[in-house]
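See structure below.
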2 protein chains.
Amino acid sequence: MSHEVEKRSLSQYLEEHNLKHTKQREAILAAFLEATGHITSEEIHTRVRADHPNIGYTTVYRTMKLLCDAGLASERRFDDGVTRYEIEQEHHDHLVCLRCGKIIEFECAMIEKTQMEIADRYQFRVLRHRHELYGHCDACAEEVSK
Amino acid sequence: MSHEVEKRSLSQYLEEHNLKHTKQREAILAAFLEATGHITSEEIHTRVRADHPNIGYTTVYRTMKLLCDAGLASERRFDDGVTRYEIEQEHHDHLVCLRCGKIIEFECAMIEKTQMEIADRYQFRVLRHRHELYGHCDACAEEVSK
DNA sequence: TTGAAATTGAATGTTAATTTCAATACGCTG
DNA sequence: CAGCGTATTGAAATTAACATTCAATTTCAA
């Protein structure tokens, strides 16, 4: 059985917060971890339903919020207006293809540093940021120019 | 009379696209230009109503889209989920205070350059980007720490 | 096993954006 | 300057995504 670390992490969070350990939560966590990339609650719902036909969308929706609180997932909302979830990991930013929806992650210490300098200049305390580059990925750029 | 340049610019756009020149469009443009900063259609509607009580929200909404198409305004949507409009100008990014809503503009050639280098690395053609730093402005940071 | 408390999920509510459609205004054309 | 085709207007309805409600059900500690 995989994802043992995450399962334990969820259990710990549930215990610490006097929340209950349910099959639904377990199943949703598993479905989320098995998927790769940036996935919507809808998509997670579809996947989780394959094995657990009675799990409702609302439960998926609420569980994803819970996984975010528990530090296992993080929420992203790009310009298409739908919320997606990704596995929580080191901070990074995104390249988003406007044609095929492909999402590439990047991180750049230089930009992070520069951005703090800018904030300082305005006496601004940065709590979080978003930095997204929208355009066309390699394959789509080729298609478009045809 | 002020905003002559913008008025002419709008007229030209309307003519070129076989659209009609109406009092509403004129009034909405004026209200938008008189306001400073990042304003919602709601707010523009309220302002324009002071002088023109019969102009409906829908018209403001549509006219703001039109002004964007005409290159006079640009649309922004920060993490609070409401769309705001700003006067079209040189490219820049934003610092957004999560407490008071204050929006500070910044621009940084260094970051722009670095970001293009990153895109190149992934063979990605950037068409636009968003770079937003969320946190507390000077005054709010002080309040919060009290 | 039992019962208080948390969870579930269908249905409903919310919020902001967007579209519909009948009435009206614009601005050519004659 | 009157007529007329087309664009525009604005109130109301619709949509889309997120969020909440509540009665029924499940969990888990005692």
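Below, read A as the first sequence line, B as the second, and so on, with proteins coming before strands; counting in each chain starts at 1. All values reported here derive from a predicted model rather than from experimental measurement.
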Not counting sequence neighbours, which residues clear side-chain hydrogen bond (donor to acceptor under 3.5 Å, both in side chains) with [X]? List them please.
| X | value |
| --- | --- |
| A:Tyr134 | A:Asp79, A:Glu132 |
| B:Glu34 | none |
| A:Lys65 | A:Glu75 |
| B:Gln89 | none |

If you look only at pairs with a residue in [range], which of them pass as a salt bridge (Lys or Arg N to Asp or Glu O under 4.0 Å), with sequence neighbours excluded?
| range | result |
| --- | --- |
| residues 21-33 of chain A | A:Lys7-A:Glu26 |
| residues 84-99 of chain A | A:Arg76-A:Glu86, A:Asp80-A:Arg84 |
| residues 102-115 of chain A | A:Lys113-A:Glu117 |

[X] [atom1] - [N] [atom2] separation (whole Å):
| X | N | atom1 | atom2 | result |
| --- | --- | --- | --- | --- |
| B:Arg62 | D:dA7 | CZ | C1' | 11 Å |
| B:Tyr13 | D:dA7 | OH | C1' | 14 Å |
| A:Asn54 | C:dA10 | CG | C1' | 13 Å |
| A:Glu26 | C:dT8 | CD | P | 12 Å |
| B:His52 | D:dG10 | NE2 | P | 11 Å |
| B:Glu15 | D:dA7 | CD | C1' | 15 Å |
| B:Asp79 | C:dT15 | CG | C1' | 17 Å |

Between protein and nucleic acid, restricted to nucleotides 3-7 of chain C and to nitrogen or oxygen atoms under 3.5 Å apart, what atom pairs and distances do you find?
unit_1 : atom_1 : unit_2  : atom_2 : d
C:dA5  : N3     : A:Lys20 : NZ     : 2.8
C:dA6  : O4'    : A:Lys20 : NZ     : 3.1
C:dT7  : OP1    : A:Lys20 : N      : 2.8
C:dT7  : OP1    : A:Arg25 : NH1    : 2.4
C:dT7  : OP1    : A:Arg25 : NH2    : 3.1

Name the pairs: protein N/O against N/O of nucleotides 15-19 of chain D, kept only if under 3.5 Å.
unit_1 : atom_1 : unit_2  : atom_2 : d
D:dC18 : OP1    : A:Thr83 : N      : 2.9
D:dC18 : OP1    : A:Thr83 : OG1    : 2.6
D:dA19 : OP2    : A:Tyr61 : OH     : 2.5
D:dA19 : OP2    : A:Lys65 : NZ     : 2.9
D:dA19 : O5'    : A:Tyr61 : OH     : 2.8

Handout entry: Under the salt bridge (charged side-chain N to carboxylate O under 4.0 Å, His left out) test, residues paired with A:Glu142 that sit two or more places apart
Key =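 With neighbours one apart ignored, the set is empty.
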
Exercise for the section: Evaluate the side-chain proximity of B:Phe78 to B:Ile103: yes if any heavy-atom separation is below 4.5 Å, no if none is. Expected result: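 Touching, per the 4.5 Å side-chain cut-off.
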
Practice task
For A:His131 and A:His129, test the side chains for any donor-to-acceptor distance below 3.5 angstrom and give the result as yes or no.
Solution key: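 Looking only at side-chain atoms, A:His129 and A:His131 do not form any donor-acceptor pair under 3.5 Å.
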
Exercise for the section: Kindly state each residue pair satisfying side chain to side chain donor-acceptor pair (under 3.5 Å) with at least one member in residues 46-63 of chain A, sequence neighbours excluded. Expected result: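 Of all non-adjacent pairs touching residues 46-63 of chain A, those that pass side chain to side chain donor-acceptor pair (under 3.5 Å) are A:His45-A:Arg49.
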
Problem - A:Lys23 side chain near D:dT27 phosphate (N/O to OP1/OP2, under 4.0 Å) - result: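 Yes.
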
Practice task
Give each stem of DNA chain D as a range with a range, requiring at least 3 consecutive Watson-Crick or G-U wobble pairs whose two distances are under 3.5 Å.
Solution key: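 Only these stems qualify: C:1-30 with D:1-30.
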
